[in-house]
Asks: 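So that we are looking at the same thing, I have put the structure below in structure tokens.
Only heavy atoms go into these numbers, but all of them, side chains included; no hydrogens, no water, no symmetry mates. If you read the sequence from its start, that first residue is 1, and numbering goes on from there. Counting starts at 1 for both ligands and their atoms, following the listed order.
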Amino acid sequence: MNEKENRIEVYLDDNAEPVASYSPPGSFELDTTTLDDGPHRLRIVAFDRYAHRGVRGISFEVRNGPGIAVDGLHEGDIVEGKVGILINAYGGAYEEKWEPTRAETPKPVPTWAWVAFIVVVAWAMYYAVQQWNPTPEFAQTPTYRKISEAQAGLGKGAALGADLYRTSCASCHQNNGQGVPNVFPPLARDPVVNAADPAEHVKIVLFGKKGGLINGVAYRAEMPAWADQLSDEEVEAVINHERTSWGNKAPTVSAEEVGRIRRR
Ligand code: HEC
């Protein structure tokens, strides 16, 4: 050994003989296939030209054999009775084709994954329902209207009232309750429709109306009588539809009340 030169010696584990010895800088190849799998330690000793000694240690782990996966038993676990333990070992570093399925330890799907899955599905359903916008034609069908009214907490006559209004009243008073200026009076914000006492409202729908002023306007056409066409329940429904639509928020009427006024 030339004492005037820097020198590096590399030792493996407790071996007295260095696995490499040379003047820096330089490299060498550590062949791990000759080592057992498990923890090892490389110790590097370097000398400068005055023979001062520097040491550095590096711990590492060799794994050329198959990896081992264990499910069911953990470090420090306290166990009793029979314990089911699943063990898988997979290698393949030296095989020509790497077969990934053999590296998969067949574990059951963990609970948190199920919970996450259910949360996502529930959210997706909630979102779909929120965004569900019926087409106008479908929104008019009795089925959908009843569902949406049930959701809105409206009375059970509401669908009937809306239906009757559309078929019997909208031709004159219009779907939006605005009527036709000077021809058919609007029912939105109409004083009779919004009166706290619904008696006049019931009377007009049952027996019709002709003449007089509504909000200062005299209508030439006449309000037909419906007593022969509509039952007490139907009058109740259509009147309550008018009293709760287009911004109207008047007290509603019952079929019994309609019957009393009809028989008067
Ligand atoms: C053929 C057209 C026509 C139809 C159909 C019709 N109305 Fe009328 N309605 C009128 C006219 C016109 C008046 C105003 C009459 C007047 O002032 O002489 C009126 C007035 C009313 C009034 C009174 C408003 C007020 O302030 O006095 C109510 C309430 C009313 N209609 C409800 C209904 C309901 C409910 C239906 C369906 C069951 C209906 N109308 C169907 C033409 C119609």
Asks: Give the atom numbers and elements of ligand 1 that come within less than 4.0 Å of a heavy atom of His201.
Replies: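 Ligand 1 atoms under the 4.0 Å threshold to His201: 29 (C).
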Asks: List ligand 1 atoms under 4.0 Å from Lys210, heavy atoms only on the residue side.
Replies: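 Close to Lys210: 18 (O).
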Asks: Any chance CD of Glu222 has more than 12 other-residue heavy atoms, nucleotides or ligands included, within less than 6.0 Å?
Replies: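 Yes, the 6.0 Å shell around CD holds more than 12 heavy atoms from other groups.
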Asks: So, regarding Gly211 and ligand 1 (criterion: nitrogen or oxygen to nitrogen or oxygen, under 3.5 Å), is there a contact or not?
Replies: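 Yes - when backbone and side-chain N and O of Gly211 are compared with those of ligand 1, one distance drops under 3.5 Å.
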Asks: Would you say that Phe184 contacts Gln178 through its side chain, given a criterion of any heavy-atom pair below 4.5 Å between the two side chains?
Replies: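 No - every pair of side-chain heavy atoms lies 4.5 Å or more apart.
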Asks: Do the rings of Trp114 and Phe117 sit parallel, tilted or perpendicular, given the 30° and 60° boundaries?
Replies: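 Because their plane-to-plane angle is over 60°, the rings of Trp114 and Phe117 count as perpendicular.
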Asks: Among protein atoms, how many N/O/S atoms lie less than 2.8 Å from atom 8 (Fe) of ligand 1?
Replies: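 Near atom 8 (Fe) of ligand 1, the number of protein N, O or S atoms below 2.8 Å is 2.
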Asks: Is the backbone of Glu17 close enough, under 3.5 Å, to the side chain of Asn15 for a donor and an acceptor to pair up by distance?
Replies: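 No; judged by distance alone, with no hydrogens or angles, the pair does not exist.
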Asks: Using a strict 4.0 Å cut-off to heavy atoms of Asp190, name the atoms of ligand 1 that fall inside it.
Replies: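 Going through ligand 1 atom by atom, the ones under 4.0 Å from Asp190 are 24 (C), 25 (C), 26 (O).
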Asks: Is ligand 1 under 4.0 Å from a heavy atom in the side chain of Trp226, in the backbone, in both, or in neither?
Replies: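 Answer for Trp226: side chain.
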Asks: Please determine if Glu242 has a nitrogen or oxygen closer than 3.5 Å to a nitrogen or oxygen of ligand 1.
Replies: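 The answer is no, given that Glu242 and ligand 1 share no N or O pair closer than 3.5 Å.
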Asks: What I'd like to find out is whether the side chain of Arg166 reaches to under 4.5 Å of the side chain of Asn175, using heavy atoms alone.
Replies: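 The answer is yes; the side chains approach within 4.5 Å.
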Asks: Should the heavy atoms of other residues, nucleotides or ligands under 6.0 Å from CG of Leu30 be counted, would the total exceed 12?
Replies: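 For Leu30, atom CG is crowded (more than 12 foreign heavy atoms under 6.0 Å).
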Asks: Is it the case that the side chains of Asn248 and Asn194 hold a donor-acceptor pair, with the cut-off being a distance below 3.5 Å and no angle test?
Replies: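 Yes, because at least one side-chain N or O of Asn194 sits under 3.5 Å from a partner of the opposite role on Asn248.
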Asks: For Ser168, take its heavy atoms, then give the atoms of ligand 1 lying under 4.0 Å from any of them.
Replies: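 Under 4.0 Å from Ser168, ligand 1 has these atoms: 5 (C), 37 (C), 41 (C).
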Asks: Can you sort out which atoms of ligand 1 are near Val192, meaning under 4.0 Å from one of its heavy atoms?
Replies: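 Going through ligand 1 atom by atom, the ones under 4.0 Å from Val192 are 25 (C), 26 (O), 27 (O).
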Asks: Does Arg43 count as lying over the ring of Tyr11, i.e. NZ or CZ under 6.0 Å from the six-ring centre, within 45 degrees of the axis?
Replies: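 Verdict for Tyr11: a cation-pi partner in Arg43.
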Asks: Can you find a pair of side-chain heavy atoms, one from Pro185 and one from His173, that are under 4.5 Å apart?
Replies: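 Yes, their side chains come closer than 4.5 Å.
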Asks: Provide the number and element of each atom of ligand 1 under 4.0 Å from a heavy atom of Ala221.
Replies: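 Checking each atom against Ala221, I get 12 (C).
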Asks: Determine whether the side chains of Thr252 and Arg243 contain a donor N or O and an acceptor N or O closer than 3.5 Å.
Replies: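 No, no side-chain donor-acceptor contact under 3.5 Å.
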